[in-house]
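First up is the structure itself, then whatever we jot down about it.
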Amino acid sequence: MSNATKLIHSIPVDPLTGSISVPIYQTSTFVQEAPGENKGYDYARSNNPTRAALEDIIAQLEGGQAASAFASGLAAIDAVVKLLQSGDEILAVDDIYGGAFRLFTHIYAKFGITVNYVDTTQVVNVIDAITPCTKLIWLETPTNPTLKISDIEAIARIAKQHGALLCVDNTFASPALQQPIKLGADLVVHSATKYLGGHSDLIAGIVVAKTEELGARIKFIQNASGAILSPHDSWLVIRGVETLYLRVKEHSRNAQLVAEYLLTHPAVDMVYYPGLKTHPNHDIAAKQQSGFAGIISFNLKEDTLEAAKEVVCRTAFFKLAESLGGVKSLLCHPATMTHKSIPSDTRRAAGVSDSLIRLSVGLEDAGDLISDIAQALDQLAGVLSRQVETEAVVQL
Ligand SMILES: *Cc1c(COP(=O)(O)O)cnc(C)c1O
């Protein structure tokens with residue numbers, strides 16, 4: 001059976017009524033027959049049938065034993081960190097999602113959990129940095145916004161040798177393209193806000209565990225801390241995920257075409273997309289992913305904040321907004337948006353140059369998207385050549 005068929009038929013038909021859509025159980029509590037005697041549900045923070053259906057679907061999709069759905073991707077990340085205790089160390093990818101960096105640095109550091117950031121694209125860096133206190137290795141692959149790729153299978157082996165858990169933030173690839181648990185990861189987290197939801201209409205997060213035992217520990221944390229996903233948002237994620245394979249395949253196809261176009265444009269300097277042969281980790285991406293998803297970053301030959309601003313304000317179909325993974329194409333300028341709070345030298349050292357632009361390639365026609373980017377870049381090239389002419393005149 002193909003993965004798409006398996007996914008679509010993992011969405012249960014309601015046993016009570018035959019409803020083909022999972023019902024939204026909008027309730028806080030469940031009536032009990034006698035104290036402690038119930039139908040598997042007692043209080044809706046602990047469990048809810050709509051949320052449980054979503055959790056089962058995503059657990060199967062990722063090849064894990066259990067999943068827990070949270071109110072946001074960050075709440076999901078937070079639940080994983082709560083597996084640790086004071087004195088434990090996290091070894092994390094250096095190009096980590098900014099919100100995860102903020103959570104680790106500004107919340108967990110004061111509880112005695114430390115984080116060591118390394119360039120995990122080189123496996124040797126992980127071997128060098130791991131210590132007896134390392135209890136969690138944190139990967140994102142591909143990363144945001146420079147699309148770095150780390151070798152999940154190789155790093156899973158190192159984690160196992162040292163008794164550390166490996167958690168992979170699989171938001172960018174989605175389980176349609178990459179299944180970290182099958183490559184040896186213990187935990188997978190998602191911002192379901194992105195490809196799983198897929199329609200830019202909700203905030204949600206998921207943790208998937210490789211084993212029942214680890215899944216039960218996350219479930220305990222979910223119930224104890226309370227950052228659950230609502231029944232209605234659980235239903236929206238289920239509805240989004242029904243078309244995951246279809247959407248991600250098309251996002252990937254469109255993005256490959258846009259990335260190849262960008263390579264040819266005279267105003268563009270570097271293009272970061274794992275599907276390009278020029279990407280430094282293309283081979284690893286091709287080994288562990290079945291496609292390259294819809295996120296592309298690129299920077300301009302004129303590497304200034306102003307030049308990037310010219311481009312991002314001139315597109316019609318690519319809307320200027322944070323977030324990614326929806327049906328509508330989005331673009332953002334990390335230096336003045338998502339990475340604004342990072343000092344410019346640190347930001348540039350991490351590869352986020354002044355003109356870096358990140359695209360979330362949507363499901364519009366690829367030709368229309370390319371024309372849209374082309375006209376924005378062409379105008380920039382026009383601006384540049386006019387500047388050159390003006391300078392020439394001044395020199396005369
Ligand atoms: C958006 C995002 C998050 C955070 O998820 P929210 O749903 O916004 O809380 C975490 N990791 C990655 C890679 C993301 O893109």
Side-chain angles (χ1 to χ4, degrees), residues 54 58 62 67-82 90 92-108 115 117 120 136 138-150 152 167-178 180 185 187-208 222 225-230 233-234 236-237 240-241 248 251 255 272 274 285 289 292-297 321-326 330-332 334 337-339 341 350-352 356 358-362:
L54 169 66
I58 306 297
E62 284 285 4
S68 299
F70 292 86
S72 69
L74 270 172
I77 294 170
D78 180 71
V80 173
V81 182
K82 283 181 173 140
I90 304 172
V93 58
D94 54 0
D95 188 32
I96 195 168
Y97 175 71
F101 177 85
R102 182 176 51 204
L103 177 71
F104 293 170
T105 310
H106 297 294
I107 307 288
Y108 281 103
V115 189
Y117 296 97
T120 55
L136 178 64
W138 192 275
L139 293 184
E140 255 173 65
T141 179
T143 61
N144 174 27
T146 58
L147 288 305
K148 283 187 178 180
I149 303 287
S150 296
I152 298 173
C167 182
V168 178
D169 183 332
N170 200 25
T171 300
F172 270 37
S174 94
L177 302 180
Q178 175 172 274
L187 293 154
V188 167
V189 301
H190 276 280
S191 169
T193 310
K194 317 292 169 55
Y195 286 108
L196 292 181
H199 295 75
S200 310
D201 54 8
L202 59 93
I203 300 283
I206 307 260
V207 181
V208 186
Q222 183 193 41
S225 295
I228 50 158
L229 191 63
S230 77
D233 285 344
S234 297
L236 278 171
V237 179
V241 110
V248 170
H251 281 297
Y272 303 87
Q289 298 177 215
F292 304 102
I295 312 301
I296 304 169
S297 291
E322 292 181 14
S323 200
L324 56 103
L330 301 178
L331 87 181
C332 84
M337 294 169 73
T338 51
H339 290 61
S341 59
V352 183
L356 193 82
R358 188 191 73 192
L359 304 179
S360 171
V361 179

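All values derive from a computational prediction rather than experimental measurement. Whatever order the structure lists ligands and atoms in, that order sets their numbers, starting from 1. In what follows, residues are counted from 1 in the order of the sequence shown.
- For ligand 1, none of its N or O atoms has an N or O atom of F172 under 3.5 Å away.
- Scanning all protein heavy atoms for the shortest distance to atom 7 (O) of ligand 1 gives T193 OG1, 2.7 Å.
- The closest approach between a heavy atom of N144 and any atom of ligand 1 is not below 4.0 Å.
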ask   = Between H190 and E62, does a side-chain contact (heavy atoms from CB on, under 4.5 Å) hold up when you go through it step by step?
value = CA-CA 11 Å; H190 276 280; E62 284 285 4; 2.6 Å; yes
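- Exactly one of Y117, Y108, W138 qualifies for a ring-ring contact (aromatic ring centres under 6.0 Å, His included) with F101. That residue is Y117.
- Any N or O atom pair closer than 3.5 Å counts here, and K194 shares at least one such pair with ligand 1.
- The single protein non-hydrogen atom nearest to atom 4 (C) of ligand 1 is Y97 CE2, 3.4 Å, given as residue, atom name and distance.
- For the ligand labelled ligand 1, residue A204 lies inside the 4.0 Å heavy-atom shell.
- The only option from T141, T120, T143 that meets the side-chain hydrogen bond (donor to acceptor under 3.5 Å, both in side chains) definition with D95 turns out to be T143.
- Residue D169 approaches ligand 1 through these ligand atoms, each under 4.0 Å from one of its heavy atoms: 10 (C), 11 (N), 12 (C), 13 (C).
- Summarising the geometry, atom CZ belonging to R358 is positioned 4.5 Å from atom CG belonging to N144; distances are rounded to the nearest 0.5 Å.
- With Y97 as the aromatic partner, K194 meets the cation-pi criteria of under 6.0 angstrom to the ring centre and within 45 degrees of the ring axis.
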request  = Test F70 against D78 for side-chain contact (heavy atoms from CB on, under 4.5 Å), laying out the working first.
outcome  = CA-CA 10 Å; F70 292 86; D78 180 71; over 6 Å; no
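- Between L74 and ligand 1, a contact under 3.5 Å exists for at least one N or O pair.
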